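Notes follow the structure.
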Amino acid sequence: VAAYAGVVVRADHTYVDLTLQQANQIDARIREQGTADDEAMDAYRGRQVWIDHGNGVMTRYAQLHRVEPDLAEGIAVQAGQRIGSVGESGTPESLTAPGTQLHLHWEVRVGDQFLGQGLEPGEVRELYRRLFVAS
């Protein structure tokens with residue numbers, strides 16, 4: 001479900017699962033470069049929904065099994081609205097051991113960074129506590 005109200009900026013209805021060959025090519029590129037580039041990271045996030053909440057804040061929902069059919073770019077969503085279902089798309093295990101990595105990869109983005117990037121774990125926990133606990 002959507003964590004907060006916002007506008008959909010990405011809804012991957014046409015996502016095609018990675019093949020083992022594609023995953024191996026991505027892994028080889030990561031080893032060669034010493035890091036994962038944006039394309040590799042996007043491939044490994046699998047099927048995704050991104051919601052813009054304004055003021056530079058966005059949530060990303062990744063590794064989804066499916067995206068709700070009525071969701072599309074530009075559609076406004078409300079907090080708590082169903083946007084998709086948990087899956088494992090984009091994970092290497094979806095290819096090698098299907099059904100073993102079902103989860104939601106969820107990110108809060110502020111600008112081009114994730115919430116808490118560069119902070120100590122205790123500071124990050126406090127940010128998320130403030131985000132989800134009513135005062």
Side-chain angles (χ1 to χ4, degrees):
V1 298
Y4 293 99
V7 176
V8 175
V9 295
R10 179 174 176 172
D12 290 347
H13 290 287
T14 59
Y15 173 81
V16 176
D17 289 319
L18 291 175
T19 65
L20 190 54
Q21 179 181 6
Q22 289 170 318
N24 288 337
Q25 289 170 341
I26 293 168
D27 285 345
R29 192 171 75 239
I30 290 170
R31 281 191 303 278
E32 180 181 305
Q33 296 172 348
T35 188
D37 56 32
D38 289 343
E39 183 181 328
M41 292 299 295
D42 196 59
Y44 281 147
R45 284 188 197 101
R47 185 175 289 104
Q48 302 173 60
V49 170
W50 297 6
I51 301 174
D52 184 345
H53 305 285
N55 297 317
V57 177
M58 183 177 309
T59 50
R60 291 181 178 177
Y61 307 77
Q63 259 99 48
L64 299 174
H65 172 69
R66 77 189 262 300
V67 173
E68 288 299 306
D70 59 339
L71 223 56
E73 186 176 321
I75 298 289
V77 295
Q78 299 304 310
Q81 181 176 333
R82 185 179 174 94
I83 59 170
S85 59
V86 170
E88 60 184 356
S89 62
T91 66
E93 293 81 8
S94 69
L95 303 168
T96 59
T100 63
Q101 293 295 311
L102 300 172
H103 69 286
L104 173 65
H105 175 107
W106 185 72
E107 301 175 6
V108 177
R109 308 288 299 185
V110 180
D112 62 354
Q113 298 183 334
F114 61 85
L115 181 64
Q117 188 167 338
L119 299 178
E120 293 295 320
E123 294 173 292
V124 175
R125 277 191 295 276
E126 177 59 18
L127 283 174
Y128 278 85
R129 186 196 67 73
R130 288 176 37 207
L131 183 64
F132 288 106
V133 176
S135 26

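Source: prediction; values computed, not measured.
Linking ILVMFWY side-chain heavy atoms closer than 4.5 Å, directly or via other members, places Val77 and Leu131 in a single hydrophobic cluster. Ile83 and Val9 fall into different hydrophobic clusters, defined by Ile, Leu, Val, Met, Phe, Trp and Tyr side-chain heavy atoms under 4.5 Å apart, directly or through other members. Under a hydrophobic-cluster definition in which Ile, Leu, Val, Met, Phe, Trp and Tyr are linked whenever side-chain heavy atoms come within less than 4.5 Å, directly or via other members, Ile51 and Val110 are assigned to the same cluster. Tracing side-chain contacts under 4.5 Å through hydrophobic residues (I, L, V, M, F, W, Y), one never reaches Val49 starting from Ile75; they form parts of separate clusters. Linking Ile, Leu, Val, Met, Phe, Trp and Tyr residues whenever their side-chain heavy atoms come within less than 4.5 Å places Leu64 and Val86 in a single cluster.
Taking a 6.0 Å sphere around CD of Gln33, one finds it holds more than 12 heavy atoms contributed by other residues, nucleotides or ligands. Residue His103 qualifies as enclosed at atom NE2: its count of foreign heavy atoms under 6.0 Å is above 12. The local environment of CG in Asn55 is sparse, with at most 12 non-hydrogen atoms from other residues, nucleotides or ligands closer than 6.0 Å.
Among the candidates Glu107, Arg10, Arg109, the single residue satisfying the side-chain contact (heavy atoms from CB on, under 4.5 Å) test with Met58 is Arg109.
Between Ala79 and Ala3, the shortest heavy-atom contact is CB-O, 3.8 Å. Smallest separation of non-hydrogen atoms from Leu18 and Ala43: CD1-O, 4.0 Å. The nearest pair of heavy atoms linking Ser94 to Pro98 is O-CG, 3.5 Å. Nearest heavy-atom pair across Asp12 and Gly46 is OD2-O, 3.7 Å.
At least one side-chain heavy atom of Leu119 sits less than 4.5 Å from a side-chain heavy atom of Leu127. The shortest side-chain heavy-atom distance between Gln22 and Thr19 falls under the 4.5 Å cut-off. Two residues are said to be in side-chain contact when any heavy atoms from C-beta on lie closer than 4.5 Å; Gln117 and Val124 fail this criterion. Side-chain contact between Val108 and Phe114 is absent, with no heavy-atom pair separated by less than 4.5 Å. Using a 4.5 Å heavy-atom cutoff, the side chains of Asp27 and Tyr44 are in contact.
Put simply, CZ on Arg31 and CD1 on Ile26 are 11.5 Å apart, with the number rounded to the nearest 0.5 Å. Atoms CD and CZ, on Glu120 and Arg125 in that order, are 10.0 Å from each other to the nearest 0.5 Å. Here the straight-line distance linking atom OG of Ser89 with atom CZ of Arg45 works out to 12.0 Å at 0.5 Å rounding. How far CD of Glu73 is from CH2 of Trp50: 11.0 Å, rounded to the nearest 0.5 Å. Distance CD/Gln81 to CG/Asp70: 6.5 Å, rounded to 0.5 Å. Taking CH2 of Trp106 as the start and OG1 of Thr59 as the end, the distance is 6.5 Å to the nearest 0.5 Å.
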Q: Go through the steps to decide whether Asp52 and Val8 satisfy the test side-chain contact (heavy atoms from CB on, under 4.5 Å), and finish with yes or no.
A: CA-CA 6 Å; Asp52 184 345; Val8 175; over 6 Å; no
Q: Give the intermediate values and the outcome of side-chain contact (heavy atoms from CB on, under 4.5 Å) for residues Tyr61 and Leu104.
A: CA-CA 7 Å; Tyr61 307 77; Leu104 173 65; 4.1 Å; yes
Q. His53 and Val7: side-chain contact (heavy atoms from CB on, under 4.5 Å), yes or no, with the steps?
A. CA-CA 7 Å; His53 305 285; Val7 176; over 6 Å; no
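We find that Glu32 and Arg29 are not joined by a salt bridge, their nearest charged nitrogen and carboxylate oxygen being 4.0 Å or further apart.
Qualifying side chain to side chain donor-acceptor pair (under 3.5 Å) partners for Glu88, counting only residues two or more places apart in sequence or in other chains: none.
Listed for the Arg47 side chain is a donor-acceptor partner under 3.5 Å among the backbone atoms of His65.
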